[in-house]
Number of protein chains: 2
Amino acid sequence: MASPQKTSRKAAGTRAAIRRARPASGRAHSGDAGDDIGLDALVGHAGYAVRRFQLWIFQDFIKTLATVDIRPTQYAVKNVIGANPGLSQMAVAKRLGIERARLVHLLDSLEERDFVSRIPSTIDRRSHALHLTTRGKAALAQFKRLAAEHERHVAEKIGKANREQLLRILACFT
Amino acid sequence: MASPQKTSRKAAGTRAAIRRARPASGRAHSGDAGDDIGLDALVGHAGYAVRRFQLWIFQDFIKTLATVDIRPTQYAVKNVIGANPGLSQMAVAKRLGIERARLVHLLDSLEERDFVSRIPSTIDRRSHALHLTTRGKAALAQFKRLAAEHERHVAEKIGKANREQLLRILACFT
DNA sequence: TATTGTTATACTCTATAACTATA
DNA sequence: TATAGTTATAGAGTATAACAATA
């Protein structure tokens, strides 16, 4: 890593100088309030609400499992391997919709932490059979308890019945 | 795109052969089927379903608006500026939950395409008042029509009533 | 001192392409 | 030829930190 050099700050006029003209029309841009800023067509888009919800969920998941340093995707991978020992990397990647190239790195870090082991397949020597280690199994049990706690946060946020409704609506995507 | 072939389902004889020579423990990792791979605790997690749903939604949005080369975040930014002309960058960033450093680049590209203009504020000379250009306004109208088409895809996928239920449940996140 | 817009860096995630060793 | 795992690269997206101009 090179030293954090700070590329001589060029005189500030470059960009700002270009914008030195017309006065503004429209609102006197309240830069802070934000309460009365409308979303227009965005309010009718499921994707917008879903994106905001997903950001909230992931943040809470990461925070709730911060003590064990496990992120949502790592948790998903461990779960599937734990429930289906012997799976190949391709099978896990396809099942979870992860790129196989990305799964390589995910497994690298899980293997480094002694949670997962790649066992050479006796059937197809190109592939690996994925298993949880003893340590990985114990860890997963703990992660599941913390993840359940996170799930209770979700229920608190949107309501118990709404959460169940949501799971029902989106069941076709799992 | 043009993802041509879909791995021609080769006869069940292959899988039968695999079953024959089962390795030490676990399944003989069926690398292709994926139908019987359980998700375990993942099925009870709203975050997992929401993540998969969001991926599907964004992919459909990008595909549906591919002809105009607009991504979900760009669309959201244009929408908010169009509905609230004169807003500062900070106000837009806060409203949409985008980092202000990231909004700089988003606006750079929208400005290059002559959709948005940064007008120096007469009130606070640190900030810019954001406006849609004439071209930007016309373009946004077209984007909204395409986005509505995308929204119809969502309704087809999960059902009209379910989509509305979803919007109601997640209204607190917008 | 604090804030706005900007630049820069680092790390995650997604999407490819290419390589190897097998099949 | 095709597939499994790997490596590499490029682009978004996220999270910070620092800086100049301004408040």
Side-chain angles (χ1 to χ4, degrees), chain A residues 1-20 29-32 51 54-55 58-59 62-63 69 71-74 76-77 87-94 96-109 111 118-130, chain B residues 1-8 10 14 17-18 29-32 51 54-55 58-59 62 69-74 76-77 87-94 96-109 111 118-130:
Chain A
M1 304 320 171
S3 55
Q5 58 160 15
K6 42 208 70 166
T7 61
S8 57
R9 276 283 163 280
K10 54 199 76 167
T14 356
R15 247 203 134 76
I18 298 171
R19 313 182 186 115
R20 203 71 54 84
H29 62 103
S30 57
D32 47 355
R51 169 179 162 266
Q54 213 237 272
L55 289 177
F58 268 45
Q59 277 166 12
I62 291 167
K63 196 169 60 185
D69 190 25
R71 297 174 61 82
T73 310
Q74 296 175 310
V77 169
L87 234 43
S88 70
Q89 296 186 193
M90 272 305 295
V92 171
K94 277 185 187 165
L96 290 174
I98 302 171
E99 282 297 320
R100 73 185 200 273
R102 175 159 149 61
L103 186 60
V104 171
H105 301 298
L106 282 166
L107 289 174
D108 284 349
S109 75
E111 214 172 21
R118 290 189 251 221
I119 300 176
S121 169
T122 52
I123 298 156
D124 184 338
R125 282 159 60 205
R126 293 172 302 181
S127 72
H128 300 149
L130 300 172
Chain B
M1 310 310 174
S3 64
Q5 51 104 334
K6 232 55 193 164
T7 62
S8 56
K10 43 205 70 169
T14 316
I18 291 171
H29 62 101
S30 57
D32 49 354
R51 169 179 163 267
Q54 212 235 273
L55 289 177
F58 268 46
Q59 277 166 12
I62 292 167
D69 190 26
I70 285 290
R71 298 174 61 81
T73 311
Q74 297 175 309
V77 169
L87 235 43
S88 70
Q89 295 185 194
M90 271 306 294
V92 171
K94 277 184 187 165
L96 290 176
I98 301 170
E99 283 296 318
R100 72 185 199 275
R102 175 160 148 61
L103 186 60
V104 171
H105 300 298
L106 282 166
L107 288 174
D108 284 349
S109 77
E111 213 173 21
R118 290 189 251 220
I119 300 176
S121 167
T122 52
I123 297 156
D124 184 339
R125 282 159 60 206
R126 291 172 303 182
S127 72
H128 301 148
L130 301 172

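Chain naming here is simple, since letters A, B, ... match the order of the sequence lines and numbering starts at 1 in each.
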The salt bridge (Lys or Arg N to Asp or Glu O under 4.0 Å) partners of A:Glu99 (sequence neighbours excluded) come to none
(Q) Just so I know, are the side chains of B:Val77 and B:Ile98 near enough to count as touching, which here means a heavy-atom distance under 4.5 Å? (A) yes
Considering only nitrogen or oxygen atoms on both sides, find all protein atoms under 3.5 Å from nucleotides 20-23 of chain C and state each distance.
residue	atom	partner	partner atom	Å
C:dA23	OP1	A:Arg125	N	3.0

Here the distance between atom P of D:dA12 and atom CD1 of B:Ile62, to the nearest Å, is 11 Å
Nearest heavy-atom contact between A:Ile62 and A:Pro72 is CG1-CD, 3.9 Å
All heavy atoms of B:Arg118 vs all of B:Leu130, minimum pair found to be CG-CD2, 3.6 Å
Residues passing the side-chain contact (heavy atoms from CB on, under 4.5 Å) test with A:Arg100, sequence neighbours excluded, are A:Met90, A:Ala93
Looking only at heavy atoms, the pair that brings A:Gln54 and B:Arg51 closest together is OE1-CA, 3.8 Å
Respond yes when some side-chain nitrogen or oxygen of A:Arg118 is under 4.0 Å from OP1 or OP2 of D:dT6, and no when none is.
yes
Closest to the 5' end of DNA chain D, once A:Leu107 and B:Arg100 are matched to their nearest nucleotides, is A:Leu107
Across all chains, not counting sequence neighbours, the side-chain contact (heavy atoms from CB on, under 4.5 Å) partners of A:Arg125 are none
Ranking D:dG5, C:dT6, C:dT4 by distance to the side chain of A:Gln89, first place goes to D:dG5
Quick note, A:His105 side chain, CB onward, closest among D:dG5, C:dT6, D:dT7 is D:dT7
Taking only N/O atoms, report every protein-nucleotides 13-15 of chain C pair under 3.5 Å with atom names and distance.
residue	atom	partner	partner atom	Å
C:dC13	OP1	A:Arg71	NE	3.4
C:dC13	OP1	A:Arg71	NH2	3.4
C:dC13	OP2	A:Arg102	NH1	3.3
C:dC13	OP2	A:Arg102	NH2	3.1
C:dC13	O5'	A:Arg102	NH2	3.3
C:dT14	OP2	A:Arg102	NE	3.2

Taken in chain and number order and not counting sequence neighbours, the residues that satisfy salt bridge (Lys or Arg N to Asp or Glu O under 4.0 Å) with B:Arg126 are B:Asp124
Taken to the nearest whole Å, CD1/A:Ile119 to P/D:dG5 is 13 Å
note: B:Leu87, atom CG; C:dT4, atom C1'; distance rounded to Å ~ 14 Å
